[in-house]
S.K.: 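Take this structure, written in C-alpha cells, and hold onto it; I'll ask about it next.
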Amino acid sequence: MINKFIGLNWKLNPETFSQAKDLGSFSDKKGVVIFPPFIFLESLKQLLVSAQLGAQNVFWEKKGAFTGEISPVMLQKMGINYVLIGHSERRKYFNETSTIINKKIKKSLDLHLKVVLCVGETQKIRNQGIKFVQNYLKKELLEDLAQIKNIPQLIVAYEPAWAIGRGSSDDPKVSAQIISFIKDFLKSKNVLNLKVIYGGSVNSANVFQFAALDVIDGVLVGQASLKKSELKKIFSAFYVS
Ligand code: PGA
C-alpha cells in the first residue's frame with residue numbers, strides 16, 4: 001500500500017553510471033520518484049520499471065542560446081514526469097531568486113511537468129518562533145507562485161533549510177503543524193488537493209514518525225537515499241516492498 005510520495009534526491013551523486021544503475025535498481029519501486037543528476041536520466045529511464053524520474057533543476061526557456069542549461073521541453077520529450085524547483089541549495093549556492101523560481105515553475109507547468117517546489121526557513125527564522133516561520137513561508141509561496149492560477153500538478157516540499165544534510169530532522173510534529181498551515185494557506189488561495197511533503201535529514205531512525213502523520217503526504221530524502229540499508233527501512237515505513 002503506497003499513496004505517499006517518496007522522493008529520492010541524489011544531488012551531486014553518485015560518480016559513475018554503474019553506481020547510479022545499482023542504486024536505481026534498488027530503488028525501483030512503485031511510489032518512488034528518483035531525482036538523479038541530469039546525465040543519468042536517459043539511461044535510468046530505460047532501466048526503471050516501477051519508479052518514476054524527476055530532474056533536480058530546469059531552465060525556463062524552451063530552447064536557444066543558453067549554454068549549459070536543460071529545458072523543460074527536453075525533459076518532457078524524454079518522458080520525465082517530475083522536476084524539483086527552488087531547492088534551498090539552488091537558492092543558496094546559485095542565487096536562485098523567487099523571480100527565477102517563478103519562471104521555472106510557470107514553464108514547467110505549461111509543459112505538464114509535475115513540479116516539486118521546495119520551500120523552508122533558515123535556522124535564524126525558526127529560532128524566532130513559529131509565527132515568523134509562517135510569515136516567511138507565506139511570502140516565499142506567494143512570490144514563487146505569483147500569477148500562477150491553475151496548479152493541479154504542484155507538490156510542495158517543506159524543507160527547513162537548517163535541517164538539510166545535518167543528520168537530524170525537524171520534530172515531525174512541528175513539521176506536521178507547519179505543513180497543515182501551508183495547506184490551509186494555499187487553500188485560501190484556491191489551491192485545492194495540494195500534496196505537501198517533508199524533507200530535511202529523513203533517515204531510517206525518523207522516517208516512521210513522518211510516515212505515521214496523515215497530514216504529511218510523503219518525504220524527500222537526500223543523503224539517506226544513497227545508502228541501501230537506509231533505503232530499505234525508509235521503503236518499509238511506507239509499506240513499499
Ligand atoms: P537530506 O536532504 O535528506 O540530506 O537532508 C534532503 C533534501 O535536500 O532534499
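Both counts, for ligands and for their atoms, begin at 1 and track the order of listing.
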S.K.: Any idea which atoms of ligand 1 are less than 4.0 Å away from a heavy-atom of Gly222?
M.R.: 1 (P), 2 (O), 3 (O), 4 (O), 6 (C)
S.K.: So among Lys106, Lys138, Arg91, which one has a salt bridge (charged side-chain N to carboxylate O under 4.0 Å, His left out) with Asp144?
M.R.: Arg91
S.K.: Should the proximity of Asn9 to ligand 1, defined as any heavy atom under 4.0 Å, be assigned to the side chain, the backbone, both, or neither?
M.R.: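 It is the side chain that touches ligand 1; the backbone stays farther off.
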S.K.: With sequence neighbours left out, which residue pairs that include part of residues 34-61 fulfil the salt bridge (Lys or Arg N to Asp or Glu O under 4.0 Å) condition?
M.R.: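 Qualifying pairs: none.
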S.K.: As an exercise, identify every atom of ligand 1 less than 4.0 angstrom from a heavy atom of Gln223.
M.R.: 1 (P), 3 (O), 4 (O)
S.K.: Just to confirm my output: which protein heavy-atom neighbour is closest to atom 9 (O) of ligand 1, and how far is it?
M.R.: Glu159 OE2, 2.7 Å
S.K.: At what distance is the nearest protein heavy atom to atom 2 (O) of ligand 1, and which residue and atom is it?
M.R.: Lys11 NZ, 3.1 Å
S.K.: Around Lys11, counting heavy atoms of other residues, nucleotides and ligands shown, do more than 12 lie under 6.0 Å from its NZ?
M.R.: yes
S.K.: Any atom of ligand 1 sitting under 4.0 Å from a heavy atom of Gly199?
M.R.: no
S.K.: Indicate whether any N or O donor in one side chain lies under 3.5 Å from an N or O acceptor in the other, for Gln153 and Tyr82.
M.R.: no
S.K.: Among Leu111, Ile80, Asn81, which one satisfies side-chain contact (heavy atoms from CB on, under 4.5 Å) with Leu75?
M.R.: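 When Leu111, Ile80, Asn81 are each tested with Leu75, the side-chain contact (heavy atoms from CB on, under 4.5 Å) holds only for Ile80.
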S.K.: What atoms in ligand 1 come closer than 4.0 Å to a heavy atom of Gly165?
M.R.: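 Answer, ordered by atom number: 1 (P), 4 (O), 5 (O).
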S.K.: Do Lys189 and Leu141 pass the side chain to side chain contact (heavy atoms under 4.5 Å, CB included) test, and can you show the C-alpha distance, the side-chain angles, and the key distance before you say yes or no?
M.R.: CA-CA 11 Å; Lys189 306 282 167 212; Leu141 287 164; over 6 Å; no
S.K.: What about Ile164: any of its N or O atoms under 3.5 Å from an N or O on ligand 1?
M.R.: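 Such a contact does not occur with ligand 1.
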S.K.: How would you list all residue pairs meeting ring pair (Phe, Tyr, Trp, His ring centres under 6.0 Å) that involve residues 167-224, not counting sequence neighbours?
M.R.: Tyr198-Phe210
S.K.: Which of the atoms of ligand 1 are close to Ser201, meaning less than 4.0 Å from one of its heavy atoms?
M.R.: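 Answer for ligand 1: 1 (P), 3 (O), 5 (O).
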S.K.: In this structure, does ligand 1 have an atom that sits under 4.0 Å from one of the heavy atoms of His87?
M.R.: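 Judged by the 4.0 Å heavy-atom criterion, His87 does count as contacting ligand 1.
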S.K.: Can you sort out which atoms of ligand 1 are near Leu220, meaning under 4.0 Å from one of its heavy atoms?
M.R.: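 The list of qualifying atoms is 9 (O).
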S.K.: Heavy-atom distances under 4.0 Å are what count here, so tell me which part of Arg166 touches ligand 1: side chain, backbone, both or neither.
M.R.: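 Contact part for Arg166 vs ligand 1: neither.
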S.K.: Quick check on side-chain contact (heavy atoms from CB on, under 4.5 Å): which of Val116, Asn57, Leu53 does Phe35 satisfy it with?
M.R.: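 That would be Val116; it is the only one of Val116, Asn57, Leu53 passing the side-chain contact (heavy atoms from CB on, under 4.5 Å) with Phe35.
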S.K.: If the cut-off is 4.0 Å to any non-hydrogen atom of Gly200, which atoms of ligand 1 fall inside it?
M.R.: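 Taking each heavy atom of Gly200 in turn, ligand 1 has 5 (O) under 4.0 Å.
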S.K.: Looking at Lys62 and Asp110, does any basic side-chain N land under 4.0 Å from a carboxylate oxygen?
M.R.: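 Looking at Lys62 and Asp110, the cut-off is not met.
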S.K.: Counting both backbone and side chain atoms, is some N or O of Ala224 under 3.5 Å from an N or O of ligand 1?
M.R.: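 Among all N and O atoms of Ala224, none is under 3.5 Å from an N or O of ligand 1.
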